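Presented below is the structure to which this report refers.
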Amino acid sequence: MPNTATRPRSVDSYRATIAALVTDLPIERLPVADCLGLVLAEDVTAPIALPPFDNSAMDGYAVRSVDVVGASEDNPVELPVSEDIPAGRTDVVPLLPGTAHRIMTGAPVPPGADTVVQVELTDSGVEHVRIFAAVALGTHLRRTGEDVREGSTVMHSGTVLGPAQLGFLAALGLSHLPVRRRPRVLILSTGTELVEPGKPLTHGQIYESNSVHIAAAVEEIGGVATVLRSVPDDVEALYKTLEPHLHDHDLLVTTGGVSAGAYEVVKDALAGEGVEFLKVAVQPGGPQGFGTYMGLPVVTLPGNPVSAALSFELFVRPALLRAMGRPNVDRKRVTAKSTAAMKSPAGKKQYRRGFHEAGSVQAVPVGGPGSHLLMAFAQSNCLIEIPEDVTEVAEGGEVQLLMLAP
Ligand SMILES: Nc1nc2c(c(=O)[nH]1)N[C@H]1C(S)=C(S)[C@@H](COP(=O)(O)OP(=O)(O)OC[C@H]3O[C@@H](n4cnc5c(N)ncnc54)[C@H](O)[C@@H]3O)O[C@H]1N2
Ligand code: MOO
């Protein structure tokens, strides 16, 4: 008797299921340098002002502007230089009227000075300086608090920390930040036919590539990937491989062994152990599984390389980003016109690989729908989404794109 398959789950519903499986990551105070791509978990109040003191924006001379009034090339003003203030000098040396202090960029402007004359407008004198231009009051001064007022809220919880945010927070003197920590993802590929790249291949074998793709995709969003040696289609080998790693990860992602054949190692090992296997109305990526094995959330992806990659993209990536606290977990969507006609199975959302140039109105389908077409995937920068109720897209027909890369 044929298997009576239950109705496949929709992409959106399965996406919500996987989002609920991966719980919010704990908040930790991590060194600023380790926070790239993480999400700030509390508002930040400035502990100091920026700049923290009035300082010079130029190498030159700190003066009172009234002392250089009328200075010109033909009629320079000469002032005695009483102090030298390199950046980093910490004592306070007031400027007396009618004198100048030589000062460097970033050095504290002495009390009494209200203007900096850049060195190019002088004779660079050390004991006395001749100034060849009148300079307006306040020129080249960087005022205390001009950028940030001490005690003000400078960044809100939920901000994604990129280079600019991290550099700014370091400038405020913060060494550690409250963030949701990185997700630690355990990756296991299965299949007796799999051979590690770099080793010789025999007829009937293929190189293992899913773990490379999935680990890179985890790391791309700021996660930490632990890739286990792939296991053959042997249930005991799978249990043994997983065992030492179950307690120090947030999610297990497996690939392969979930469809309808005789050697479905993931299904055989995890069905009845907290993992449910089902069909999702998507192509590629139909056979899926999810659940919790020995306390560890698990997503079991299908083995075909494009299916595994797309399933990660559609279901796991947004779940991890959400758990990290990312405010937006969706890819940018673009509407474009397909340069070729395409067919799609009724009742399934199909994701074709495509190429879209920024600013263009066109989307070029790359390769066919087959879930083994890896080169086409590598040459694409977007997914072309064909809805469940569309079975044919005409040449020039409108399609929705999910941008994977700019
Ligand atoms: N009778 C049926 N057969 C299949 C069905 C079905 O519904 N009924 N579904 C097909 C679909 S769709 C997919 S997707 C695959 C999923 O199968 P599995 O998850 O069991 O994956 P495997 O059989 O282990 O592998 C499929 C394919 O992918 C290659 N593979 C697997 N792992 C890797 C890896 N880590 N790196 C590179 N390549 C990998 C493997 O050699 C196979 O060629 O099932 C269909 N069959
Ligand atoms: O769903 Mo399979 O993923 O079509 O190749």
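This is a predicted model, so every value here is computed, not measured. Worth knowing before you read on, the calculation uses all heavy atoms, side chains too, and leaves out hydrogens, waters and symmetry mates. Just follow the structure's listing: the first ligand is 1, and inside any ligand the first atom is 1.
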Side chains of S189 and E208 only: does a donor on one sit below 3.5 Å from an acceptor on the other?
yes
Looking at Q205, I'd like to know if its CD atom is crowded, meaning that more than 12 non-hydrogen atoms belonging to other residues, nucleotides or ligands lie closer than 6.0 Å.
yes
With no hydrogens and no angle check, just 3.5 Å: does a side-chain donor-acceptor pair link T226 and H249?
yes
If you measure only the distance, is there a donor-acceptor pair under 3.5 Å linking the side chains of D59 and T105?
yes
Would you compute the distance between atom OG1 of T122 and atom OH of Y61 and round it to the nearest 0.5 angstrom?
4.5 Å
Establish, from distance only, whether the side-chain atoms of H356 and Q362 form a donor-acceptor pair under 3.5 Å.
no
Assess, by modelled atom type and distance only, whether the side chains of Q400 and T335 contain a donor and an acceptor separated by less than 3.5 Å.
yes
Tell me which residues fall inside the under-4.0 Å heavy-atom shell around ligand 2.
Q283, P284, G285, G286, P287, N304, S307, S371
Flag for T159-Q165: side-chain donor and acceptor within less than 3.5 Å:
no
Given R180, R184, R182, the one that forms salt bridge (Lys or Arg N to Asp or Glu O under 4.0 Å) with D250:
R184
Can you list, by chain and residue number, every protein residue with a non-hydrogen atom closer than 4.0 Å to ligand 1?
S189, T190, E193, L194, I206, Y207, E208, S209, N210, T255, G256, G257, V258, S259, A260, E264, K279, P287, P302, G303, N304, P305, S307
